[in-house]
Number of protein chains: 2
Amino acid sequence: MPGPIQSLSRAAAIMRLLAGGERRLGLSEVATALDLAKGTAHGILRTLQQEGFVEQDPESGKYQLGAELLRLGQSYLDVHELRARALVWADDLARAAGETVYLGVLHQQGVLIVHHVFRPDDTRQVLEVGSMQPLHSTALGKVLVSYDPVARGELGAGPYEPYTLRTLTEAAEVDAECALIRERGWADSVEETWEGVASIGALIQDRRRNPVGAVCISGPVERVCEDGFVKPSLVASVRSAARAISRDLGAGRF
Amino acid sequence: MPGPIQSLSRAAAIMRLLAGGERRLGLSEVATALDLAKGTAHGILRTLQQEGFVEQDPESGKYQLGAELLRLGQSYLDVHELRARALVWADDLARAAGETVYLGVLHQQGVLIVHHVFRPDDTRQVLEVGSMQPLHSTALGKVLVSYDPVARGELGAGPYEPYTLRTLTEAAEVDAECALIRERGWADSVEETWEGVASIGALIQDRRRNPVGAVCISGPVERVCEDGFVKPSLVASVRSAARAISRDLGAGRF
DNA sequence: GACAGGCGGTCGACATTGTCGACCGCAGTG
DNA sequence: CACTGCGGTCGACAATGTCGACCGCCTGTC
């Protein structure tokens, strides 16, 4: 039976739809958006609700995502091997560099943040675990595109969305940059996604040298860069953290 | 069609199974655990994998939860109205009390943590958003059981699991405690779940006075208690934060 | 190195199961 | 006070997911 189960695919589409729209959605909205009969959509929503994946506002009758997703998402993190092994290294890196550290893996057409260490001295930061970053304009994303053919495939042919004036929007530009990244072994992104923010990332490999994720540090361009380039000392810190995590993953087997 | 969609319920059961077991599970394990034909389990797993809810270790062929769950769980938090309105109050409370703050809602037979503010001065804490706490032995749980009939129903008749010597394990004990909680308007839990940890919680209501969640502060018993009782000043802080959040929720409408 | 046992995965027949579109009662609205 | 939209239900139909036998592969064993 090499075909997906229809009702499941539809349920997944409904949840993604609910995740996308900022506000709650009504039954009819869901049905028309996915081109389903109202009865069908209702059956799926009822089951999802009963399982806790979707909740219904009793007042308006509209639907939103449910708490069970948060719980399962947490379980995903608990089991995540890369994350588990990287925790302590990420902490060290944040302390050594004095900047925010992110750990990301490829997910669909972006980088999913699976770990986030706050900048040591600073308060008032928002945890970004579970959020996504673009592939073509972040250090994490460019690392993955450079080394993981799947990531390159997900990126597509462009043109890509320009977030700032420095964003690379053409496939040829990104590919050229990736060749450079492969050559020197690390990626940077200076104000390519957010004004004033620069980051430096490096690849994490598993025991069989497959790319499995990336680490990066991220901070204000004034602190991360010097004379228009990222500070070599920070690059060294990130690369050594990436190597340490990779080694740790490889050691799991032997 | 007031019946749940079979394949969806089964898919949910599979995901819960994967979330429960610490390690990855094989196809046959999943099938026998849920009493399904291998072909059926495979069909569901294949669809879940394709949608990103489940991942397969290419080496061992075993299954684990997928990244999409983390993303959707994050989306759940983004839309969560109680959490959004409580963010700033929880911050203030943590600063005023100098202790960790949790915000929880009822989910199945427990309290799901939807927000967590670290103790201001302290480092090295693990974010517990997405994890669950028991109903019968925590301040958050007892608040919900006291005011939300659904929570009381989920709690059941006991006896409940004893985590420490001070845990209330009989329904009668918990019900008596809840009567007291309703009377004075707040709950505490001193070493009932974890040795050395005490917490104080209060109810959050929506605009129609329905219980929708609870806040608590939690910290070492030496700091939270005095002469064997929780400090009145901390109780006052928690209650005023709970009132503030409730007011904020009510104000959304008028 | 041949064998047995277990694994993940596939296949096709069967009937269970999800789907569809018409229909219901209600609430808000002009 | 009709009218339009909503969320939700119903029952007939056949498309759909389910089942158990089967396949090829790997691993451990004697």
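The model shown is predicted, which means the values in this text are computed figures rather than measured ones. Numbers restart at 1 for each chain; the letters A, B, ... are given by sequence-line order, proteins then strands. Computation of the quantities below employed the complete heavy-atom set of this structure, encompassing side-chain atoms and omitting hydrogens, waters and symmetry-equivalent molecules.
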Comparing A:Lys38 and A:Arg10 on DNA chain D - which has the more 5′ nearest nucleotide: A:Lys38

Along DNA chain D (nearest heavy atom to each residue), the more 5'-positioned of B:Asp35 and A:Lys62: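 The 5'-side residue here is A:Lys62.
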
Distance, rounded to the nearest Å, where A:Leu8 contributes CG and C:dG18 contributes C1': 12 Å

A:Leu45 CG to D:dT9 P, straight-line distance once rounded to whole Å: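 So the CG-P distance, A:Leu45 to D:dT9, works out to 12 Å.
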
B:Gln108 versus A:Glu68, side-chain donor and acceptor atoms under 3.5 Å: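 Yes.
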
Closer than 4.0 Å, any side-chain N/O of [X] to the OP1 or OP2 of [N]?
X: B:Gln6; N: D:dT16; answer: no
X: A:Ser28; N: D:dG7; answer: yes
X: B:His42; N: C:dG9; answer: yes
X: A:Tyr63; N: D:dG8; answer: yes

Nucleotide of D:dG20, C:dG18, D:dG7 approaching B:Ser7 most closely (side-chain heavy atoms):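 Comparing D:dG20, C:dG18, D:dG7 against the side chain of B:Ser7, the answer is C:dG18.
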
B:Arg46 side-chain proximity, nearest of C:dG18, C:dT10, C:dG9: C:dT10

Sugar-phosphate, base or nothing in reach of B:Glu29, heavy atoms under 4.0 Å: nothing

A:His136/A:Tyr163 aromatic ring centres below 6.0 Å: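 Centroid distance A:His136-A:Tyr163: below 6.0 Å, so yes.
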
Six-ring centre of A:Trp186, A:Arg184 cation under 6.0 angstrom, axis tolerance 45°: yes

Test item: B:Leu65 and A:Val79 side chains (from C-beta on) under 4.5 Å apart, heavy atoms: no

